[in-house]
Protein chains: 2
Amino acid sequence: MKRMARERKFSTNDLFAAVKHILIQHGYEGFTFSLLSERLEVSRGAIYKYYQNKENLITDFMVREMQLFIADLQKIEEQTGFESQFDFLLDIIFKKKEVHQLIGVAQHILASPNEEIYENKEKLKKIPLEMYQSLQGFIRLGKIEGKVKPHLPDSLLLGMILQTIAIPNHFRIPEAEWVGSIKEIISQGMFTKS
Amino acid sequence: MKRMARERKFSTNDLFAAVKHILIQHGYEGFTFSLLSERLEVSRGAIYKYYQNKENLITDFMVREMQLFIADLQKIEEQTGFESQFDFLLDIIFKKKEVHQLIGVAQHILASPNEEIYENKEKLKKIPLEMYQSLQGFIRLGKIEGKVKPHLPDSLLLGMILQTIAIPNHFRIPEAEWVGSIKEIISQGMFTKS
DNA sequence: GTTTAAAGTGACATATGTGTTACTTTGGTG
DNA sequence: CACCAAAGTAACACATATGTCACTTTAAAC
């Protein structure tokens, strides 16, 4: 029989939650194992038992996090009709605001010339395409139902919707009014009907 | 009479151009005096003759760069009529793509608790407001001419337009079609007329 | 209670960045 | 051509991050 070891002081979930917190607070370049071990309340060395370097840890985290987000996005298919899918998408984007920052981290990793994490970089590269594919049904439905202008590129329609999360709300307009106005501009534009 | 000194190896413009390049390539946390001196082909020490630390250098650069951008934006007033101002604004945003990244750097600085650069931080804080003000005439004109929906918040209208620069063009759609489609969505929306 | 192996620690060598300072270079002035 | 002040250099002390390793702790298995 195998002998069990002592209890772990942090679970994999604890680890990834801490990684997420530090990436959002300090960004990719500000991420250190010191900050991470401090947050997990363990010694720095303990983390090396699981990950040999920060590149592998961060890219593993990013791949996992993005896949979780894509899984959330795919629930859009449970919504019937284009308009309720549209509302669902906007709501989920604003519920998961932090994802936008993490996408910035991912772009940073892809821009770095690190060869050690070639495999994870390849996985990260595929994420935008996967996001695009998981929402392609939504756009196609809109075009089939005759609700979305057919000549606009799918990737721009999706990019435009996803990017709205990053618009800074300097004047603290209430979330409901803010999201409502965004939905109106995206769907009907900011110009009056001519 | 004052005695002149030896020739400088780099001008202030050279310095700021190098700062810009490194900030865009490496971000705020990745910015180092080593990288900077390497790019300027001088020793690290030489830079300390002009700036005692990187925070002051970067915030000085940011303030200057943002003011230059705002000066460009204000040329919008030379355009007559809301629609030509709208076209002018979109064109200038896409011509100055790098400004978007620099705004990210500015937000990073404002989030840091550094007290040494209090004065520059105050100046940076005012930038979004100044940008808002320099374009308020444009939005007001659109509403007066009856071309822009009056119930939409000015800050959202501007934020939405400025944010379009960050939409990733993964499928390399030609710039002209891309910008044209963005203008259409912003003005008329992505839905067909009902 | 002894054994065992995974979990965790703390110190070390190494690397990189910072800010300072004594020194050298340069080129116009007198 | 000697002076001298600004420009630039290179080395130093210091700080922080990295990755490794011998060592200690822990708790289940026996």
Side-chain angles (χ1 to χ4, degrees), chain A residues 1-19 21-23 25-61 105 108-109 112-118 120, chain B residues 1-19 21-23 25-61 105 108-109 112-118 120:
Chain A
M1 267 267 136
K2 250 199 198 164
R3 282 156 199 284
M4 295 300 280
R6 69 189 274 191
E7 244 181 306
R8 282 186 58 172
K9 291 179 85 178
F10 61 98
S11 66
T12 306
N13 277 343
D14 292 340
L15 177 62
F16 282 149
V19 169
H21 183 266
I22 290 165
L23 281 179
Q25 290 290 312
H26 301 267
Y28 179 74
E29 306 250 17
F31 181 98
T32 67
F33 270 28
S34 307
L35 279 170
L36 189 57
S37 66
E38 206 174 294
R39 189 164 177 84
L40 289 169
E41 294 178 293
V42 294
S43 70
R44 212 165 42 79
I47 301 167
Y48 283 91
K49 282 273 148 75
Y50 308 97
Y51 279 94
Q52 292 75 12
N53 57 60
K54 72 171 186 170
E55 282 72 30
N56 268 309
L57 170 54
I58 293 179
T59 50
D60 261 23
F61 161 78
V105 173
H108 210 293
I109 294 167
S112 85
N114 194 333
E115 279 301 322
E116 283 175 54
I117 51 167
Y118 177 79
N120 273 338
Chain B
M1 267 270 135
K2 250 199 199 162
R3 285 159 197 282
M4 295 300 280
R6 68 189 274 192
E7 245 182 308
R8 281 186 58 172
K9 291 179 85 178
F10 62 100
S11 68
T12 306
N13 276 343
D14 292 341
L15 177 62
F16 283 150
V19 169
H21 183 265
I22 290 164
L23 281 179
Q25 289 290 312
H26 301 268
Y28 179 75
E29 305 250 17
F31 181 97
T32 67
F33 270 28
S34 307
L35 278 170
L36 189 57
S37 66
E38 205 176 296
R39 188 163 179 85
L40 288 169
E41 294 178 293
V42 294
S43 71
R44 211 166 42 80
I47 301 167
Y48 283 91
K49 283 272 146 78
Y50 308 97
Y51 280 93
Q52 293 74 13
N53 56 61
K54 73 172 186 169
E55 282 71 31
N56 269 307
L57 171 54
I58 292 178
T59 50
D60 262 23
F61 162 77
V105 173
H108 210 291
I109 293 167
S112 85
N114 194 334
E115 279 301 320
E116 284 176 56
I117 50 167
Y118 178 79
N120 273 337

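Proteins get letters first, then strands, A, B, ... in listed order; numbering begins at 1 in each.
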### Message
Quiz question: going by heavy-atom distance under 3.5 Å, is there a donor-acceptor pair between the base of D:dG19 and the side chain of A:Arg44?
### Response
yes
### Task
To the nearest 0.5 Å, tell me how far B:Asp14 CG sits from B:Leu40 CG.
7.0 Å
### Task
Assign each of A:Leu35 and B:Glu41 to its nearest nucleotide of DNA chain D by heavy atoms, then name whichever residue's nucleotide is nearer the 5' end.
B:Glu41
Give the table of side-chain donor-acceptor pairs shorter than 3.5 Å for residues 43-51 of chain B, with sequence neighbours excluded, one pair per line with atom names and distance.
unit_1, atom_1, unit_2, atom_2, d
B:Tyr50, OH, B:Arg8, NE, 3.2
B:Tyr51, OH, B:Asp60, OD2, 2.7

## Note on the structure
Closest of C:dT18, C:dG27, D:dT18 to the B:Ser34 side chain is C:dT18
### Task
Give the rounded distance in Å between these two atoms: CD1 of A:Ile22 and C1' of D:dA17.
14 Å
### Task
In whole angstrom, give the distance that lies between atom CD of A:Glu38 and atom C1' of D:dT16.
13 Å
## Note on the structure
Whole-Å distance, A:Phe31 CZ to D:dT18 P, equals 8 Å
### Message
Please report the interatomic distance CZ(A:Arg39) to CD(A:Glu41), rounded to the nearest 0.5 Å.
### Response
9.5 Å
For residues 26-38 of chain B, which side-chain donor-acceptor pairs fall under 3.5 Å, sequence neighbours excluded?
unit_1, atom_1, unit_2, atom_2, d
B:Glu29, OE2, B:His108, NE2, 3.3
B:Thr32, OG1, B:Leu35, N, 3.0
B:Ser37, OG, B:Phe33, O, 3.2
B:Ser37, OG, B:Ser34, O, 3.0

#### Entry: Rounded interatomic separation in angstrom, taking CD1 from B:Ile47 and P from D:dA6
20 Å
#### Entry: Atom-to-atom span, CG of B:Leu36 to P of C:dT16 - whole angstrom
18 Å
### Message
side-chain contact (heavy atoms from CB on, under 4.5 Å) for B:Leu57 and B:Leu15? Distances and angles first, verdict last.
### Response
CA-CA 10 Å; B:Leu57 171 54; B:Leu15 177 62; 4.1 Å; yes
### Query
Base, sugar-phosphate, or nothing for A:Thr32, non-hydrogen atoms under 4.0 angstrom?
sugar-phosphate
### Query
Roughly how many Å is it from CZ in B:Phe33 to P in D:dC14, rounded to a whole number?
21 Å
### Message
Taking atom types as they are modelled, would you say the side chain of A:Arg6 forms a donor-acceptor pair with the base of C:dA7 within the 3.5 Å cutoff?
### Response
yes
### Task
Indicate yes or no: at least one non-hydrogen side-chain atom of B:Ile117 is less than 4.5 angstrom from one of B:Ile109.
yes
### Task
Find the distance A:Arg8:CZ to D:dA27:P and express it as a whole number of Å.
15 Å
### Separation of D:dT16 C1' from B:Glu29 CD (nearest whole Å)
13 Å
### Task
Please report the shortest heavy-atom distance between B:Asn56 and B:Asn53, naming the atom on each side.
N-OD1, 2.9 Å
### Query
Which of residues 48-57 of chain A sit near DNA chain D, with a heavy atom under 4.0 Å from it?
A:Tyr48, A:Gln52, A:Asn53, A:Lys54
